[in-house]
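Take this structure first; my questions come after.
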Amino acid sequence: QVQLVESGGGLVQAGGSLRLSCAASDPIFSMYPTGWFRQAPGKEREFVAAISSSGLTTNIADSAKGRFTISRENVKNTVYLQMNSLKPEDTAVYYCARGRFSTLSTRKDGYNYWGQGTQVTVSS
């Protein structure tokens, strides 16, 4: 069973930074793309960022471009989301997910394994 565990969330002031980590138990995790999504209260889960299995290709949502960076360390089976210049509207539960296919996807159905999420709260 694939397990993904997110960590690094917390409370931060607007303009601050956080680095989220997604650690996988799956030994073939590094063979698949990984995505980050977020869900704010009362809203749909939305795409934030994705990274290819090699780490050479990334896709960042427009709302996060220039502020968020996604990276991975395959030797550690871990993917990171560096979030800078955080805004109150970034407040959400952040989820990582393992891709279903070899290509990057911005769709939730492009991922078949999900973590339990980590809360990010940005105060104004």
Side-chain angles (χ1 to χ4, degrees):
Q1 182 69 17
V2 176
Q3 286 190 321
L4 304 178
V5 179
E6 302 95 337
S7 61
L11 174 64
V12 65
Q13 288 188 331
S17 297
L18 284 173
R19 188 177 81 155
L20 306 184
S21 298
C22 172
S25 63
D26 177 13
I28 62 171
F29 176 72
S30 62
M31 296 176 63
Y32 292 88
T34 302
W36 284 97
F37 288 74
R38 67 186 182 187
Q39 187 166 17
K43 294 189 177 181
E44 293 288 321
R45 191 171 298 190
E46 65 176 6
F47 171 78
V48 176
I51 189 166
S52 62
S53 57
S54 67
L56 295 178
T57 303
T58 62
N59 187 354
I60 309 292
D62 288 344
S63 60
K65 275 180 183 173
R67 301 187 300 124
F68 293 8
T69 303
I70 187 171
S71 61
R72 69 189 305 155
E73 284 190 86
N74 284 339
V75 293
K76 295 184 178 180
N77 251 16
T78 301
V79 172
Y80 305 99
L81 184 68
Q82 178 67 44
M83 306 187 296
N84 299 327
S85 302
L86 283 162
K87 304 175 182 179
E89 50 264 44
D90 294 317
T91 295
V93 177
Y94 283 71
Y95 300 89
C96 69
R98 198 194 82 175
R100 186 186 301 273
F101 309 110
S102 60
T103 53
L104 296 188
S105 176
T106 62
R107 296 167 54 94
K108 294 188 295 291
D109 60 8
Y111 299 84
N112 53 356
Y113 293 101
W114 294 79
Q116 81 290 347
T118 185
Q119 176 70 47
V120 171
T121 302
V122 184
S123 63
S124 57

### Query
Counting only N and O atoms by type, is there a donor-acceptor contact under 3.5 Å from the side chain of Tyr111 to the main-chain atoms of Ser105?
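Looks like yes, one N/O pair under 3.5 Å.
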### Query
Do Val48 and Tyr95 share a hydrophobic cluster, counting only Ile, Leu, Val, Met, Phe, Trp and Tyr and linking them when any side-chain heavy atoms are less than 4.5 Å apart?
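Val48 does not cluster with Tyr95.
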#### Entry: Closest contact, heavy atoms only, Glu44 versus Lys108
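Residues Glu44 and Lys108, closest heavy atoms: OE1-NZ, 4.4 Å.
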### Task
Spell out, yes or no, whether Trp36 and Val12 are grouped together once hydrophobic residues are joined by side-chain heavy atoms under 4.5 Å, including indirect joins.
yes
### Message
Using a 6.0 Å distance limit plus a 45 degree cone around the ring axis, check whether Arg98 lies over the aromatic ring of Tyr32.
### Response
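Verdict for Tyr32: a cation-pi partner in Arg98.
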#### Entry: Student check: side-chain heavy atoms of Gln119 and Leu11 closer than 4.5 Å
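No, too far: nothing below the 4.5 Å cut-off.
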### Message
Can you give me the closest heavy-atom contact between Ala49 and Ile60, atom names plus distance?
### Response
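Looking at all heavy atoms of both residues, the shortest contact is CB-CD1, 3.6 Å.
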### Task
Grab the two heavy atoms, one from Ser17 and one from Ser85, that are nearest each other, plus how far apart they are.
OG-N, 4.3 Å
### Message
Between the side chains of Asp62 and Lys65, is the shortest nitrogen-to-carboxylate-oxygen separation below 4.0 Å, so that they form an ion pair?
### Response
yes
### Query
Does Met83 reach the side chain of Leu20, with side-chain heavy atoms less than 4.5 Å apart?
yes
### Query
Do we see a donor-acceptor contact under 3.5 Å between the side chains of Glu73 and Tyr80?
yes
### Donor-acceptor under 3.5 Å (Glu46 side chain, Arg38 main chain)
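Looks like no, no N/O pair under 3.5 Å.
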### Message
Nearest 0.5 angstrom please: Leu104 CG to Thr58 OG1, how far?
### Response
8.0 Å
### Message
With a 3.5 Å distance limit and no angle check, can you tell me whether Gln116 reaches the backbone of Val5 through a side-chain donor-acceptor pair?
### Response
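Between the backbone of Val5 and the side chain of Gln116 there is no qualifying donor-acceptor contact (under 3.5 Å).
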### Message
So which atom in Asp109 and which in Arg100 form the shortest heavy-atom distance, rounded to 0.1 Å?
### Response
O-NE, 3.1 Å
### Hydrophobic cluster identity match, Phe37 and Leu86, side-chain contacts under 4.5 Å
no
## Note on the structure
One should read off an interatomic distance between Thr69 OG1 and Leu81 CG, to the nearest 0.5 angstrom, of 8.0 Å
### Task
May I ask you to decide if Ser52's main-chain N or O and Arg72's side chain share a donor-acceptor pair within less than 3.5 Å?
yes
### Message
Strictly distance-based, threshold 3.5 Å: is any side-chain N or O of Asn74 a donor or acceptor partner for the main-chain N or O of Ser54?
### Response
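Such a contact is absent between Asn74 side chain and Ser54 backbone.
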### Message
Looking at every non-hydrogen atom in both residues, tell me the closest pair between Ser21 and Thr78 and how far apart they are.
### Response
CB-CG2, 4.3 Å
### Query
If two hydrophobic side chains count as joined below 4.5 Å and joins carry through other members, does Trp114 share a cluster with Val2?
no
### Query
Is there a donor-acceptor pair under 3.5 Å between the side chain of Arg19 and the backbone N or O of Gly8?
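Flag not set: sc Arg19 to bb Gly8 has no pair under 3.5 Å.
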### Message
Could you go through Thr57 and Asn59, starting from their C-alpha distance and side-chain angles, then the distance that decides it, and tell me whether this counts as side-chain contact (heavy atoms from CB on, under 4.5 Å)?
### Response
CA-CA 7 Å; Thr57 303; Asn59 187 354; over 6 Å; no
### Query
When clusters are formed by joining ILVMFWY residues with side-chain heavy atoms under 4.5 Å apart, either directly or through shared neighbours, do Ile51 and Tyr94 land in the same one?
yes
### Task
Specify the closest pair of heavy atoms between Cys22 and Leu4, including all atoms of both residues, with the distance to one decimal.
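Result for this residue pair: SG-CB, 4.2 Å.
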### Message
With heavy-atom distances below 4.5 Å as the criterion, would you say the side chains of Arg67 and Asp90 are in contact?
### Response
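A side-chain contact under 4.5 Å exists here.
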### Task
Look up atom CD1 in Ile70 and atom CD in Gln82, then write down how far apart they are to the nearest 0.5 Å.
12.0 Å
### Task
Spell out, as yes or no, whether a donor-acceptor pair under 3.5 Å connects the side chain of Ser30 to the backbone of Asn77.
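Judged by distance alone, no pair lies under 3.5 Å.
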### Summary
Rounding to 0.5 Å, atoms OG (Ser124) and CD (Gln13) come to a distance of 9.5 Å
### Task
Would you mind reporting whether Phe29 and Thr34 have side-chain heavy atoms less than 4.5 Å apart?
yes
